[in-house]
Number of protein chains: 4
Amino acid sequence: MSKLRGRFGEPTGDDMQRFSSSIEIDLEMLDEDIDGTRAHVTMLAEAGMLGDDEAARLLEGLEHVRAELRAGSWVPGDELEDIHMAVEARLVERLGEPAKKVHTARSRNDQVATDVRLWLRRNLQALSDELGELLSALLSRAESDGDVLMAGYTHLQRGQPILLGHLLLAHAWPVSRDRQRVADALTRIDLNPLGACAMAGTPHPIRRERTTELLGFGGMVENAMDAVAARDHEQEVAALCAIVAGHLSRMAEELVLWSSTEFGFVRLSERYATGSSIMPQKRNPDAAELLRGRSARIQAGVTGLLSLCRALPMAYNRDLQETRELLFQVVSSTRESVRIATGVWNTLSFRRDRFEQELRGDFSLATEVADWLASRGVPFREAHEVSGRMVRHCDEQGTDLSSLSPEAAADFHPLLAEADRELWIDPRAAAERRTSRGGTASAEIRRQIGLLRATTA
Amino acid sequence: MSKLRGRFGEPTGDDMQRFSSSIEIDLEMLDEDIDGTRAHVTMLAEAGMLGDDEAARLLEGLEHVRAELRAGSWVPGDELEDIHMAVEARLVERLGEPAKKVHTARSRNDQVATDVRLWLRRNLQALSDELGELLSALLSRAESDGDVLMAGYTHLQRGQPILLGHLLLAHAWPVSRDRQRVADALTRIDLNPLGACAMAGTPHPIRRERTTELLGFGGMVENAMDAVAARDHEQEVAALCAIVAGHLSRMAEELVLWSSTEFGFVRLSERYATGSSIMPQKRNPDAAELLRGRSARIQAGVTGLLSLCRALPMAYNRDLQETRELLFQVVSSTRESVRIATGVWNTLSFRRDRFEQELRGDFSLATEVADWLASRGVPFREAHEVSGRMVRHCDEQGTDLSSLSPEAAADFHPLLAEADRELWIDPRAAAERRTSRGGTASAEIRRQIGLLRATTA
Amino acid sequence: MSKLRGRFGEPTGDDMQRFSSSIEIDLEMLDEDIDGTRAHVTMLAEAGMLGDDEAARLLEGLEHVRAELRAGSWVPGDELEDIHMAVEARLVERLGEPAKKVHTARSRNDQVATDVRLWLRRNLQALSDELGELLSALLSRAESDGDVLMAGYTHLQRGQPILLGHLLLAHAWPVSRDRQRVADALTRIDLNPLGACAMAGTPHPIRRERTTELLGFGGMVENAMDAVAARDHEQEVAALCAIVAGHLSRMAEELVLWSSTEFGFVRLSERYATGSSIMPQKRNPDAAELLRGRSARIQAGVTGLLSLCRALPMAYNRDLQETRELLFQVVSSTRESVRIATGVWNTLSFRRDRFEQELRGDFSLATEVADWLASRGVPFREAHEVSGRMVRHCDEQGTDLSSLSPEAAADFHPLLAEADRELWIDPRAAAERRTSRGGTASAEIRRQIGLLRATTA
Amino acid sequence: MSKLRGRFGEPTGDDMQRFSSSIEIDLEMLDEDIDGTRAHVTMLAEAGMLGDDEAARLLEGLEHVRAELRAGSWVPGDELEDIHMAVEARLVERLGEPAKKVHTARSRNDQVATDVRLWLRRNLQALSDELGELLSALLSRAESDGDVLMAGYTHLQRGQPILLGHLLLAHAWPVSRDRQRVADALTRIDLNPLGACAMAGTPHPIRRERTTELLGFGGMVENAMDAVAARDHEQEVAALCAIVAGHLSRMAEELVLWSSTEFGFVRLSERYATGSSIMPQKRNPDAAELLRGRSARIQAGVTGLLSLCRALPMAYNRDLQETRELLFQVVSSTRESVRIATGVWNTLSFRRDRFEQELRGDFSLATEVADWLASRGVPFREAHEVSGRMVRHCDEQGTDLSSLSPEAAADFHPLLAEADRELWIDPRAAAERRTSRGGTASAEIRRQIGLLRATTA
């Protein structure tokens with residue numbers, strides 16, 4: 001079957017056929033296209049616009065085409081332009097007349113809008129599950145290794161001693177928000193555009209409620225022009241994917257740092273790293289680097305989708321075809337990245353003893369002194385200065401805080417004579433002391449794990 | 001008061017002071033900073049970490065600083081680095097000792113996180129109201145001018161006759177989704193980070209529930225490191241603003257087109273257009289053009305925020321300071337754009353008679369014939385061909401469909417002998433016939449106006 | 001041959017193999033990879049690091065692998081990771097021992113850098129030629145149709161009458177600058193990185209001058225670490241492609257406008273448009289719309305490449321692998337877009353008489369009166385006001401400037417009594433009067449065509 | 001003087017005045033605006049379109065307005081819209097009649113195009129100088145500290161020993177390319193658009209050659225419509241700035257890493273860092289972090305400029321006003337960033353002994369063994385395996401390569417009996433051995449310094 005060339009005398013140029021074909025990317029949503037047509041056919045038959053027998057033959061024919069395309073036993077050429085024309089053409093070849101009735105009260109505009117929404121729904125639901133697994137992986141690591149003592153960094157400078165669990169949860173909470181964003185986006189995606197036709201609806205007595213039910217949509221797009229022209233749901237999905245990818249990239253940045261000889265805090269599993277035939281100690285954190293790099297590509301997709309739609313008048317314009325490849329790449333890449341990140345976290349090993357010893361008496365414990373003095377009524381800025389002087393004193397002596405007895409400390413502030421020396425020596429105690437809500441103390445870590453576990457149940 | 005230079009012997013360079021200061025942009029969130037500190041002081045006093053008298057003096061002092069900064073009677077220099085240091089420095093100058101206690105159990109990290117969230121909450125609530133007004137403006141125009149008949153376009157080619165109300169609603173629905181996105185984002189923004197301190201919480205007996213209540217937050221950020229390091233809520237806000245701006249830009253594109261001599265469908269109010277001293281007919285649609293251009297700048301902010309945070313390790317890094325200017329510009333620009341768009345819609349005039357006459361018998365009515373035949377059982381692809389042949393016949397004769405009587409039409413398909421000639425002549429009837437849910441018929445327009453009005457009540 | 005897994009006990013995970021493989025995209029640069037290895041082998045042999053016989057067998061073997069891969073008779077799996085490992089593995093299978101010497105004084109880092117530069121050189125040279133053809137197409141249209149009179153627009157409002165050639169040249173000049181940018185970029189791309197090895201050079205007595213000569217490079221990258229770590233040439237290429245695509249998109253925007261019923265100025269060839277089986281007058285300007293949409297995707301690539309490299313430390317990081325897919329898509333898409341645009345311009349038809357008649361006496365000729373008065377010594381702002389009053393007078397009378405005789409005009413300014421009425425009536429004369437350098441007069445158009453033709457010779 | 005409101009009855013709305021005013025950003029190019037008008041006035045007088053006396057008064061008046069605006073003694077309000085109208089209005093107030101002649105043969109379109117090109121020329125020339133200073137700083141550090149031995153990294157894993165100078169040059173070469181890009185862009189910017197008028201040129205006998213000469217332009221924009229509508233030179237500038245910023249960000253990333261306790265390789269000067277009053281060892285690399293963050297904002301500007309212009313028809317559209325703020329921010333931010341980076345490099349100190357000791361016998365020297373064997377005729381892949389086995393042996397014994405005598409090494413390959421043990425022990429010798437062109441040997445570093453010095457002379 002030829003394309004809708006009307007009275008055109010000249011065929012589309014070969015260059016234009018390649019330039020304009022979306023067949024390849026469309027095959028991603030083969031199932032959605034067939035499912036959408038099935039629902040339309042069923043509704044047409046129920047509403048008397050198709051005979052029951054015709055409908056039955058069409059439904060069977062559609063399954064046949066689905067099987068052929070899946071198996072690759074029939075490969076549509078670029079001259080068929082898109083998946084919709086390809087399926088219809090194949091159906092006409094096979095069934096003749098009834099196949100010509102399928103496009104009653106439907107246009108390619110609402111058909112493709114339906115396909116994309118179904119594709120997004122399926123993929124976002126999968127993404128939500130995958131994010132749930134990533135969240136579980138982080139929580140499991142927080143349970144198994146959350147007690148490891150490490151330096152907490154700001155400006156990549158050691159700040160205060162923390163427990164690893166605290167940091168793992170700082171990666172987990174954003175993932176839980178990512179899942180909320182997916183759920184929020186789904187409320188705007190899970191709406192049926194079918195029946196909008198070209199942009200103005202139809203005089204035929206269609207029942208959109210019925211296709212909504214058959215396709216399991218949560219509601220309908222209420223304006224036919226909006227149904228075919230809007231792409232804000234695609235932009236929203238791309239943006240949330242880019243935010244997800246950004247979170248994975250921040251994790252990845254830390255894993256790359258921690259894998260260095262200098263930090264030496266973590267070893268990625270051999271499944272996700274590459275080695276060197278010559279340097280056995282080497283374990284390049286490739287998966288983390290690729291996650292980081294991939295996030296830039298995913299974020300680029302947002303730029304593309306925002307820019308593309310920015311200045312298009314109503315209603316459908318062919319430019320909009322170009323959103324699909326960007327969108328599908330963004331979503332598929334994000335899903336793959338989430339799975340890889342989950343695998344990485346599930347299989348890496350922490351070098352549990354890497355930091356504990358070297359943090360003992362470290363100057364990062366100076367904050368403990370200041371906080372203790374403040375709790376005894378010394379104004380915080382003054383307490384801050386006292387501990388600053390202590391630190392400078394040690395630094396000038398070439399020692400660290402562990403060298404100071406309470407008596408020596410009392411030279412800096414008389415109240416310190418009453419302090420327990422462990423205050424400025426024991427990094428684990430310092431971490432455990434931070435029991436304020438959201439603090440790094442282990443009880444707080446356990447509490448948060450409970451909260452987040454509840455969201456993945 | 002000098003900055004926290006510790007034992008540094010050398011001052012910050014002048015170039016670096018300018019490069020690193022955020023004072024100017026921080027003044028945008030002066031109120032939020034003062035309010036946040038007020039809540040912290042109140043909580044400290046209630047928890048016994050500040051005397052009641054100290055607290056009272058601090059609260060009064062804070063109001064004094066707020067008034068000074070608002071009035072511009074005191075202008076902090078770049079050497080004070082940011083609004084937080086500036087306020088504290090001024091407070092110490094004024095009150096001495098008690099002012100040095102304000103930073104007990106607080107760091108600049110959680111303070112700025114609090115300020116930004118309060119700023120965003122205020123601005124997003126305002127944006128939601130402003131979007132509501134834009135929505136109302138569109139609905140009012142749909143009520144007052146929704147019956148105007150016009151061409152519906154795809155590919156900027158005339159497709160089918162529609163009512164203007166149908167198109168106005170196609171712009172209104174996205175705005176209503178924009179408001180949903182604002183509401184969704186607010187659930188993630190309206191969480192209190194105060195008490196997270198530098199990143200690890202505090203050993204002081206603070207009560208985060210109390211500052212949450214005092215600041216009217218809907219909940220708390222549950223992890224201290226997440227509280228100071230996360231920026232996904234900022235990225236989400238930027239993305240939703242870019243989506244809003246994209247919607248305004250699509251409207252603007254149409255207004256620019258419609259303002260041309262060639263389309264001639266609309267006249268922008270003189271409030272939002274510029275004229276020419278020489279061409280009185282000229283009315284440049286400047287507001288629309290600027291809205292379109294501004295949307296590109298707003299979208300650029302998304303790129304910036306996504307790229308900036310992509311590869312930062314935990315927790316706070318100074319890079320994050322740079323998100324603020326991007327974010328504030330994006331949000332403020334979006335709010336201004338929404339208000340301008342509302343003004344434009346409220347004041348423009350439609351040239352109601354521009355298209356109706358020329359659409360009569362127009363070939364875009366050919367679809368009516370095809371749909372009518374399909375409703376009589378002719379397969380749609382065949383019906384399509386029939387009307388195609390009718391059109392080609394007229395085109396070759398140099399006439400249009402209005403020249404065809406039912407008898408003449410019957411030459412193309414016998415069933416057409418029974419058809420009413422108005423079918424292919426009357427564009428308004430064609431529009432009104434599309435009564436399917438979401439179609440362009442006026443009853444559908446009224447129904448949708450009702451649905452959307454309900455969301456703005 | 002297995003990958004460089006060193007002493008790793010566990011294989012790379014399947015998920016990771018798919019995630020990290022670049023084989024598919026690498027096949028784009030198969031020829032470059034083989035050519036680079038040929039040059040390396042030849043140099044090694046000349047420098048005595050390979051026997052002549054070994055070299056001969058390797059060169060032959062490489063051609064064999066090239067043929068196999070081209071023909072698809074051997075398809076490397078994802079487990080071979082990239083094209084470099086695949087070719088080496090196949091070579092070892094075929095030739096054994098000598099193939100193991102190929103990597104003397106070479107690493108994958110300098111190899112891939114070489115391949116990408118060769119790929120870019122080939123594609124940019126082709127792009128330059130294609131831009132030349134686009135330029136020729138525009139110049140040919142300026143020659144054949146440049147005399148068509150049309151409205152020149154600002155703000156999409158008719159401003160002054162111009163000749164079509166003037167506007168076509170306004171599209172042509174940017175294309176000639178695009179070619180300059182390609183040439184500029186090539187000076188930075190056409191440099192040989194081979195011999196940089198991993199990042200530090202090599203102790204082997206290689207002769208980089210020789211591979212430079214063999215591969216036809218214009219020079220060498222002078223620092224080994226820069227050679228493997230830099231991606232600024234890729235970013236520059238992406239940016240210039242985005243600028244090209246932006247130019248095509250501006251052309252496309254005009255073609256879409258001009259194809260509308262309302263403007264009706266142009267008809268795209270059937271090769272580049274789609275029709276409707278039902279509306280014979282319809283000719284959707286699909287090629288133009290797709291060019292416009294595609295430009296957004298190309299521009300997204302710039303975002304990706306800039307963001308990806310932004311915060312990577314020296315030297316090679318695996319993230320950099322991700323630049324390739326972005327880069328290749330950007331360049332290939334741009335080349336295809338240029339070819340399509342060329343085809344569109346070469347085959348479209350202008351409706352030559354569309355505007356001429358309706359511009360006669362049009363208010364846009366009011367500028368002529370002002371300019372004429374200014375040339376007689378009336379201050380321009382005053383002259384401007386005079387013609388403004390003339391126009392308002394006509395507008396109020398419901399006529400246009402063609403109704404005014406010189407005597408009537410003299411009421412507005414006495415000097416106008418001497419003016420030739422054609423001054424404010426004849427749009428073609430108005431256009432031809434603008435003979436200042438770069439003006440719309442036909443002599444200026446011819447002059448510019450000559451200048452640009454000279455660049456394409 | 002009122003704006004060009006023509007016969008408009010209603011004034012521009014206040015909201016619209018704020019939304020559309022560009023006065024604030026325009027003041028950045030005050031000098032360029034005055035200079036451009038001076039040249040125009042001089043040319044008009046020479047061509048007889050202004051009296052000599054009028055011209056003299058205008059030139060003097062222009063200087064007066066320049067002085068007033070510079071001093072802030074006159075502040076134009078938003079109602080004057082832009083700098084051009086403001087200057088003209090002030091001139092008319094002061095001089096009356098002659099000021100009304102200034103706009104003969106000029107429009108705001110070519111005026112603003114001229115201003116922006118002059119602004120860009122001035123700023124790009126300054127940027128080029130500043131990049132030259134950054135380059136000099138890097139070369140000076142390569143001279144003073146280039147002999148420091150350090151680990152060269154790939155994947156942030158230690159790869160091979162290198163000299164610091166090698167890495168500094170890997171940062172210097174991109175800067176030299178950045179300067180080339182600035183120079184290339186200048187050839188396209190340094191062209192005079194003045195005389196293009198609104199878009200079509202003028203019938204007045206202007207002499208564009210003369211204003212070209214007066215303003216020191218290298219040539220003319222040859223097409224009037226191109227002169228006012230093109231923005232590719234702005235996009236090109238933004239892209240090159242983003243590439244510059246990306247280079248600064250890569251440097252910054254390394255400085256942040258090297259400033260960590262774990263790497264401990266560098267100390268930023270106190271001028272560019274912030275300390276902590278409590279942790280004396282802490283020196284947050286703020287300048288580096290801000291450079292990294294700023295680069296994201298600069299790159300966002302590219303997105304904005306590419307997206308903004310993408311779909312605008314010819315010629316001037318008001319959207320284009322919005323490019324200015326993006327462009328000026330990008331360029332100014334880039335210039336500031338380059339200056340800060342220069343200051344940072346000039347003042348930081350390297351911890352020269354940080355790595356040398358710990359690299360002795362490090363496994364990264366295993367490559368030396370492989371290269372040595374390959375130079376004795378052992379196929380490289382085999383040599384690679386030999387050294388791999390040596391390394392694994394040591395690793396299993398818990399030692400490193402320094403423990404192996406040549407005799408012990410001979411167990412792995414007989415040829416190694418002849419090798420000098422220093423081969424696998426001495427990291428400095430390993431670095432110095434890489435004398436291939438571009439390698440890390442100190443002679444190569446000196447050679448490159450010479451090449452680059454020559455470009456800054």
Side-chain angles (χ1 to χ4, degrees), chain C residues 7 97 100-101 103-104 152 154 160 162 167 169-170 173-174 177 184 188 195-196 198-203 206 208 222-226 230 232 235 239 242-243 246 249 253-254 257 292 295 299 303 306 309-311 313-316 371 374 379-381 392 433-434 436-440 448, chain D residues 7 97 100-101 103-104 152 154 160 162 167 169-170 173-174 177 184 188 195-196 199-203 206 208 222-226 230 232 235 239 242-243 246 249 253-254 257 292 295 299 303 306 309-311 313-316 371 374 379-382 392 433-434 436-440 448:
Chain C
R7 61 165 194 180
E97 185 96 332
K100 296 184 179 175
K101 296 188 174 177
H103 263 274
T104 307
T154 57
Q160 296 165 334
I162 59 167
L167 183 145
L169 288 166
W173 281 104
R177 290 193 295 274
D184 289 346
R188 284 176 281 275
M199 70 171 142
T202 176
I206 58 170
R208 295 186 59 205
E222 294 286 0
N223 178 286
M225 188 175 278
D226 185 37
D232 51 317
Q235 296 172 329
I243 293 173
S249 181
E253 173 78 7
E254 294 209 309
L257 285 176
R292 203 172 50 181
S295 74
Q299 296 184 349
T303 298
L306 289 173
C309 306
R310 202 175 55 77
M314 290 286 169
Y316 182 79
D371 273 332
F380 186 72
R381 283 284 174 241
R392 276 190 289 287
R433 209 176 286 126
R434 301 185 178 271
S436 61
R437 185 154 165 177
T440 190
Q448 292 174 44
Chain D
R7 62 167 193 179
E97 184 95 336
K100 296 183 180 177
K101 295 187 174 179
H103 263 274
T104 307
T154 57
Q160 296 166 333
I162 59 167
L167 184 145
L169 288 166
W173 282 104
R177 290 193 294 275
D184 289 346
R188 283 176 281 276
M199 71 170 141
T202 175
I206 60 170
R208 295 185 59 205
E222 294 286 359
N223 178 286
M225 188 175 277
D226 184 37
D232 50 317
Q235 296 172 329
I243 292 174
S249 181
E253 173 79 7
E254 294 208 309
L257 284 176
R292 203 172 50 180
S295 75
Q299 296 184 350
T303 298
L306 289 173
C309 306
R310 202 174 54 77
M314 290 285 168
Y316 181 79
D371 272 333
F380 186 71
R381 284 284 174 239
E382 194 183 317
R392 274 189 292 284
R433 209 174 287 128
R434 303 188 175 270
S436 61
R437 186 155 166 178
T440 190
Q448 292 174 46

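Here is how names work: the chains are called A, B, and so on, in the same order as the sequence lines, proteins then strands, and each is numbered from 1.
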With side-chain contact (heavy atoms from CB on, under 4.5 Å) as the criterion, how do C/D226 and D/Q448 come out once you've worked through the C-alpha distance, each side chain's angles and the decisive distance to 0.1 Å? CA-CA 12 Å; C/D226 185 37; D/Q448 292 174 46; over 6 Å; no
Ranked by heavy-atom pairs below 4.5 Å to chain D, first place among C/P203, C/A224, C/G439 goes to C/P203
Can any side-chain N or O of C/R434 pair as donor or acceptor with the backbone N or O of D/G201 at less than 3.5 Å? yes
What option among C/K101, C/R437, C/E253 has the most heavy-atom pairs under 4.5 Å with chain D? C/R437
Which region of D/I206, side chain (C-beta onward) or backbone (N, CA, C, O), has a non-hydrogen atom less than 4.5 Å from a non-hydrogen atom of chain C, or is it both or neither? side chain
Interchain contact, C/L257 with chain D, by part (heavy-atom threshold 4.5 Å): side chain
Bottom line for C/R208: the part with an atom under 4.5 Å from chain D's heavy atoms is side chain
Interatomic spacing from OG1 in D/T154 to OH in C/Y316 - rounded to 0.5 Å: 9.5 Å
Mind listing the closest non-hydrogen atom pair of C/W173 and D/E222 along with its distance? CZ2-CB, 3.5 Å
Chi angles and distances behind the side-chain contact (heavy atoms from CB on, under 4.5 Å) call for D/I162, C/M314: CA-CA 12 Å; D/I162 59 167; C/M314 290 286 169; over 6 Å; no
Assess, by modelled atom type and distance only, whether the side chains of D/T303 and C/T303 contain a donor and an acceptor separated by less than 3.5 Å. yes
Does D/S436 use its side chain to pair, donor to acceptor, with the backbone of C/T202 at less than 3.5 Å? yes
Shorter than 4.5 Å, heavy atoms on both sides: which option in D/L167, D/T104, D/D371, D/D232 has the most such pairs with chain C? D/D232
Counting heavy-atom pairs under 4.5 angstrom with chain D, the leader among C/R177, C/R433, C/Q235 is C/R177
Portion of C/I243 that has a non-hydrogen atom of chain D nearer than 4.5 angstrom: both
Please check if the side chain of C/S249 supplies one atom and the backbone of D/R310 the other of a donor-acceptor pair under 3.5 Å. yes
Counting heavy-atom pairs under 4.5 Å to chain C, which of D/M199, D/E97, D/E382 comes out on top? D/M199
Just give me the residue among C/A239, C/G152, C/G246, C/A196 that pairs up with chain D most often, heavy atom to heavy atom, under 4.5 Å. C/G152
Locate the shortest heavy-atom distance separating D/Q160 from C/A198; write the atom from each residue and the value. OE1-CB, 4.2 Å
Using a cut-off of under 4.5 Å on heavy-atom pairs, state which of C/M225, C/R292, C/Q299 scores highest against chain D. C/Q299
At a 4.5 Å cut-off on heavy atoms, which part of C/A311 comes close to chain D: side chain, backbone, both, or neither? both
Contacting region of C/L169 [heavy-atom separation from chain D under 4.5 Å]: both
